[in-house]
Amino acid sequence: MGEEKNVLTREHAKAHDATDAFARYREEFYLQPEVIYLDGNSLGLMSKRAELKVAELMDSWKTLAIEGWTKGKYPWFFLSEKLGAMCAPLVGALEDEVIVSGSTTSNIHQLIATFYKPEGKRTKILADELTFPSDIYALQSQIKLRGYNPDEELLRVKSRDGKFLAEEDIIVAMTDEVALIFLPTVLYRSGQLLDIKRLTAEANARGICIGFDACHSIGAIPHHFSEWGVDFGVWCNYKYLNGGPGSVAGLYVNKKHFGIYPGLAGWYSSKKDKQFDMEHTLDVELSAGAFQIGTPHVLSLAPILGSFELFAEAGIEQIRQKSLKITQFLSDLVEQELEGLGFSIGNPQEDDRRGGHICLEHEEAIRICKALIENRIIPDNRPPNIIRLAPVAFYTSYEEIWDTVQVLKTIVKEKQYEKYSKERNVVS
Ligand SMILES: Cc1ncc(COP(=O)(O)O)c(C=O)c1O
Ligand SMILES: Nc1c(O)cccc1C(=O)C[C@H](N)C(=O)O
């Protein structure tokens with residue numbers, strides 16, 4: 001006799017919520033009434049801490065004006081570095097290996113412009129065919145700027161199944177023609193978590209510079225970039241880090257590269273005590289701060305200040321444990337409650353192979369998403385057939401997960417989705 005699996009019920013969800021150490025953090029966020037928000041992998045919710053810091057930074061502008069650069073509770077001139085130090089534990093780096101600056105894509109440009117050094121036969125950039133389009137556009141344009149043809153120099157490791165990447169295939173592609181490797185930590189559609197440590201070791205062994213786009217892992221998964229020898233990393237702060245729409249992004253550069261001249265230099269690349277000498281010779285900052293360009297977006301930095309406080313209090317390891325438990329609960333409920341309704345789980349099941357969102361596959365993904373939204377459950381969808389559901393440690397309850405799966409069952413059983421068009425929304 002096979003082991004009888006316990007049937008999960010709403011009572012199980014309630015029991016998990018009753019013992020969830022993160023339940024108390026829900027009151028730290030503005031939860032929309034009667035809404036189950038599962039799109040934190042695209043845009044995180046506003047926290048009351050974030051709101052407070054925006055008010056404080058606005059007040060510093062009001063009361064200090066130009067003196068706000070060096071006076072007040074959060075002197076603006078040093079704010080990017082302060083936030084970098086607060087973010088460092090989330091990527092496993094030294095405080096001065098991280099800076100909060102730019103946007104994800106502009107930081108990709110900055111770091112590829114800095115570290116892509118095509119020479120002789122070593123001219124290729126190794127990426128992958130599943131990576132986020134903005135990453136590819138940035139890589140293509142950077143290759144063109146060097147006078148090379150991206151069709152020849154940009155390599156994209158193929159997926160064997162259209163969902164996942166095999167580390168073996170990536171390693172085989174690390175030939176002596178590769179000048180730089182740029183990969184996601186977590187794939188934005190399938191939620192696959194790559195073996196960053198292994199890939200970095202293999203790249204280092206071959207003398208190839210390797211960087212990662214950590215948009216879908218930072219704030220949900222612990223990293224040890226510095227210890228692993230990762231050369232550089234980029235990420236946005238508006239997803240799991242709840243920094244607000246369009247919030248300033250983050251980047252990491254390993255200390256072994258300190259002193260390198262930034263590919264995209266500006267006066268904020270300068271050593272702090274030299275910047276206002278106004279010399280035409282840039283005295284490059286000996287930290288990740290060298291990869292800033294211009295004046296920091298102070299009011300967009302403000303919410304991140306509040307949000308990072310919550311991460312410091314909660315701890316990324318504890319956040320990951322909640323995330324693993326609640327995404328597993330969602331997966332188990334999908335298997336139990338949605339059998340025979342055309343759904344499949346599209347992300348890896350193993351804890352050490354999955355990120356913070358569940359990739360739920362269905363041929364009617366777009367229309368089911370529209371029906372979920374009408375039921376006030378907020379996911380998003382991605383081609384070809386993916387509904388992304390991201391339970392977030394800080395503000396998602398187990399009972400919300402139970403309710404979500406019940407609504408999914410009703411939407412499909414009653415064919416509620418049939419009333420919607422098959423076209424995706426302009427922003428999805
Ligand atoms: C993996 C990944 N890389 C890059 C981007 C682009 O980021 P941004 O628009 O902030 O430059 C996103 C999200 O939009 C993303 O998910
Ligand atoms: N950056 C976004 C935007 O400017 C508008 C709407 C969504 C986004 C996102 O972050 C999408 C997200 N990176 C994704 O994984 O698809």
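Just follow the structure's listing: the first ligand is 1, and inside any ligand the first atom is 1.
Between the side chains of S159 and D161, at least one donor N or O sits under 3.5 Å from an acceptor N or O. Side-chain polar atoms of E153 and Q142 form no donor-acceptor pair below 3.5 angstrom. A side-chain donor-acceptor contact under 3.5 Å links S421 and K370. Side-chain contact check for S47 and E28: no donor-acceptor pair (N or O, by modelled atom type) lies under 3.5 Å.
Each of the atoms 15 (O) of ligand 2 lies under 4.0 Å from some heavy atom of Y188. Those atoms of ligand 2 with a heavy atom of F132 less than 4.0 angstrom away are 13 (N), 14 (C), 15 (O), 16 (O). Numbered from 1 in the order shown, with element, the atoms of ligand 1 that lie under 4.0 Å from a heavy atom of T105 read 6 (C), 7 (O), 8 (P), 11 (O). The Y238 neighbourhood of ligand 1 comprises atoms 7 (O), 8 (P), 9 (O), 10 (O), 13 (C), 14 (O), with distances under 4.0 Å to a heavy atom of that residue. Those atoms of ligand 1 that come under 4.0 Å of a heavy atom in K239, given as number and element, are 13 (C), 16 (O). Shown in contact with D213 at under 4.0 Å from a heavy atom are these atoms of ligand 1, numbered in order with element: 1 (C), 2 (C), 3 (N), 4 (C). Under a 4.0 Å criterion applied to the non-hydrogen atoms of R382, ligand 2 contributes the atoms 11 (C), 14 (C), 16 (O).
Looking at F132 against ligand 1, only its side chain comes within 4.0 Å, counting heavy atoms. At a heavy-atom cutoff of 4.0 Å, ligand 1 is contacted by no atom of T131, backbone or side chain. Only side-chain heavy atoms of R388 come within less than 4.0 Å of ligand 2; its backbone N, CA, C and O stay farther off.
Within a 4.0 Å radius of atom 14 (C) of ligand 2, the protein has at least one heavy atom. Using a 4.0 Å threshold on non-hydrogen atoms, atom 10 (O) of ligand 2 counts as touching the protein.
Under the 4.0 angstrom criterion for non-hydrogen atoms, H216 is in contact with ligand 2.
Within the 3.5 Å criterion, the main-chain N or O of I319 finds no donor-acceptor partner in the side chain of S323. In this structure, the side chain of E97 engages the main chain of L94 through a donor-acceptor pair within 3.5 Å.
From the protein, the heavy atom lying nearest to atom 4 (C) of ligand 1 is D135 OD1, 3.3 Å. For atom 5 (C) of ligand 2, the closest non-hydrogen atom on the protein side is V427 CG1, 4.5 Å. Nearest to atom 8 (C) of ligand 2 among the protein's heavy atoms is S42 OG, 3.8 Å. Protein heavy atom closest to atom 12 (C) of ligand 2, with residue, atom name and distance, is K239 NZ, 3.0 Å. Of the protein's non-hydrogen atoms, Y238 OH, 4.3 Å is the one closest to atom 2 (C) of ligand 2.
For the residue pair C209 and D231, the shortest heavy atom distance occurs at CA-OD2, 3.3 Å.
In summary, the aromatic rings of F115 and H257 are positioned with their centroids under 6.0 Å apart. Note: Y420 and Y417 fail the aromatic proximity criterion, with ring centroids not under 6.0 Å apart. In this structure, Y25 has its ring center no closer than 6.0 Å to that of Y395.
For ligand 1, the polar-atom distance check against S106 finds no nitrogen or oxygen pair separated by under 3.5 Å. Between H216 and ligand 1, an N or O atom pair is found at a separation short of 3.5 Å. For the pair S428 and ligand 2, the shortest N or O to N or O distance does not fall below 3.5 Å.
Ring geometry for W76 versus W69: interplanar angle over 60°, hence perpendicular rather than tilted (30 to 60°).
By the 4.5 Å heavy-atom criterion applied to side chains, P118 and I125 are not counted as neighbours.
Note on K124 versus E152: no salt bridge recorded, every NZ/NE/NH1/NH2 to OD/OE distance being 4.0 Å or above.
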